Amino acid sequence: MVNQVTMDDVQDATLPFEAFYSQFWGDVYRAVAVAVGEADVAREAVDEAMTRAYERWGAVSGMKNPKGWVYRVAVNWSRSFLRRRVIALRKRPKVDWVIEDAEVPDPAVMDAVGRLPAHQRDVIIARFLLDMSEKDTAESFGIPAGTVKSRVSRALVTLREELS
C-alpha cells in the first residue's frame with residue numbers, strides 16, 4: 001500500500017522530492033492540461049516545473065502549498081510556450097482537449113472552461129481540479145483571497161449560463 005502524502009508532509013523539509021513528485025505529478029498534469037488545452041504541452045510544462053521544484057526543493061518544500069507553486073510555474077511556462085508558438089506560426093493553434101492518462105470531465109464542460117478568460121480558468125482549475133482552498137489558490141497566484149472568490153463566482157455564473 002502506498003502512503004498518501006499530505007501538504008503537512010510536504011512542508012516538512014525532510015520529505016524527499018521523489019515522494020512529492022510521485023504523489024502530485026498526475027494531479028498537476030491534469031490541471032495544467034485543462035488550463036492550456038494541450039496534453040503534450042502540459043506534460044512538458046509539468047516536467048519543467050517539477051525540475052524547477054527539485055532544484056529549489058529546500059525552499060519549495062517549505063512553502064504553504066508546493067503543489068500550487070508547481071501548478072503556477074507549469075501554467076506560466078506553457079502559456080509562454082504557446083505564445084511563442086503562435087507568434088512563430090502567425091496563427092492561433094487549435095485547442096485539443098484530448099488529455100491522455102487522465103479522467104476528463106464532460107467535453108461540454110471542458111469547452112466552456114476553455115472559453116473562460118485565463119484568470120478565471122486558472123482559479124476554477126485550482127479550486128475544483130486541484131482541490132485547493134481559496135487561501136492556497138490566492139497564495140499560489142499572488143492575489144488576494146477576495147479576488148479568488150470574485151473570479152470563481154464570475155466563472156461559475158458564466159459556466160452555468162453556457163451549460164444550461
Side-chain angles (χ1 to χ4, degrees), residues 7 10 20-21 24-53 55-56 59-60 63-164:
M7 279 299 128
V10 172
F20 172 81
Y21 179 92
F24 295 112
W25 189 95
D27 292 344
V28 176
Y29 162 70
R30 284 184 288 279
V32 173
V34 170
V36 301
E38 295 197 28
D40 291 340
V41 172
R43 186 174 287 108
E44 194 167 338
V46 174
D47 285 344
E48 176 64 28
M50 285 290 190
T51 298
R52 292 179 188 184
E55 292 170 346
R56 299 164 179 83
V60 172
M63 293 178 176
K64 290 183 180 180
N65 188 358
K67 179 173 69 169
W69 184 89
V70 171
Y71 170 70
R72 183 178 181 184
V73 169
V75 167
N76 289 343
W77 184 94
S78 59
R79 288 195 177 133
S80 294
F81 173 84
L82 292 171
R83 192 177 314 111
R84 286 189 306 270
R85 186 175 73 183
V86 169
I87 290 169
L89 296 175
R90 298 287 183 215
K91 66 178 183 177
R92 186 175 180 106
K94 181 177 186 257
V95 174
D96 176 12
W97 286 109
V98 176
I99 304 169
E100 298 170 15
D101 305 322
E103 292 182 27
V104 180
D106 182 323
V109 173
M110 297 296 295
D111 289 340
V113 169
R115 287 189 298 273
L116 289 171
H119 64 277
Q120 290 179 6
R121 186 171 55 241
D122 288 344
V123 297
I124 286 289
I125 291 167
R127 292 283 289 122
F128 299 108
L129 274 179
L130 289 177
D131 197 28
M132 292 168 51
S133 69
E134 286 174 356
K135 181 182 175 190
D136 288 344
T137 301
E139 288 172 355
S140 294
F141 287 99
I143 58 177
T147 302
V148 171
K149 287 181 183 183
S150 172
R151 290 178 182 178
V152 167
S153 176
R154 287 186 194 123
L156 290 175
V157 167
T158 301
L159 292 172
R160 283 185 194 108
E161 288 173 0
E162 286 195 29
L163 297 171
S164 63

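Excluded from the calculations below are hydrogen atoms, water molecules and symmetry mates; all remaining heavy atoms, backbone and side chain alike, are included. No experiment lies behind these values; they were computed from the predicted model shown.
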Would you check, one step at a time, whether the test side-chain contact (heavy atoms from CB on, under 4.5 Å) holds for I124 with L156? CA-CA 8 Å; I124 286 289; L156 290 175; 4.0 Å; yes
Strictly distance-based, threshold 3.5 Å: is any side-chain N or O of [X] a donor or acceptor partner for the main-chain N or O of [Y]?
X	Y	result
R121	G114	yes
S78	A74	yes
K67	D27	no
R56	R52	yes
S164	R160	yes

Which heavy-atom pair separates [X] from [Y] by the least distance, and what is that distance?
X	Y	answer
A49	V70	CB-O, 3.4 Å
F141	A126	CE1-CB, 4.2 Å
A138	P144	CB-C, 3.8 Å
S140	G68	OG-CA, 3.3 Å

V148 vs I143, test: side-chain contact (heavy atoms from CB on, under 4.5 Å). Steps then yes/no. CA-CA 7 Å; V148 171; I143 58 177; 3.6 Å; yes
Taking only residues two or more places apart in sequence, or in another chain, which ones meet E55 in a salt bridge (charged side-chain N to carboxylate O under 4.0 Å, His left out)?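 Partners of E55 by the salt bridge (charged side-chain N to carboxylate O under 4.0 Å, His left out) criterion come out as none, since no residue qualifies.
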Report the distance from atom CZ of R127 to atom OG1 of T137, rounding to the nearest 0.5 Å. 5.5 Å
Gap separating the CZ atom of R30 from the CG atom of L129, nearest 0.5 angstrom: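 Rounded to the nearest 0.5 Å, the CZ-CG separation comes to 9.0 Å.
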Test side-chain contact (heavy atoms from CB on, under 4.5 Å) on M50 and Y29; report intermediate values, then the result. CA-CA 11 Å; M50 285 290 190; Y29 162 70; over 6 Å; no
Report yes if some heavy atom in the side chain of V109 is under 4.5 Å from a heavy atom in the side chain of L159; otherwise report no. no
Going by heavy atoms in the side chains, are V60 and F20 under 4.5 Å from each other?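 The answer is no; the side chains never approach within 4.5 Å.
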If you look only at pairs with a residue in residues 139-159, which of them pass as a salt bridge (Lys or Arg N to Asp or Glu O under 4.0 Å), with sequence neighbours excluded?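 Only K64-E139, E134-K149 qualify under salt bridge (Lys or Arg N to Asp or Glu O under 4.0 Å).
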W77: which residues meet the ring pair (Phe, Tyr, Trp, His ring centres under 6.0 Å) condition with it, sequence neighbours left out? F81
Could you walk me through whether D122 and R79 pass salt bridge (Lys or Arg N to Asp or Glu O under 4.0 Å), step by step? CA-CA 12 Å; D122 288 344; R79 288 195 177 133; 2.6 Å; yes
Under the side-chain contact (heavy atoms from CB on, under 4.5 Å) criterion, do W25 and D47 qualify, and how do the steps go? CA-CA 8 Å; W25 189 95; D47 285 344; 3.0 Å; yes
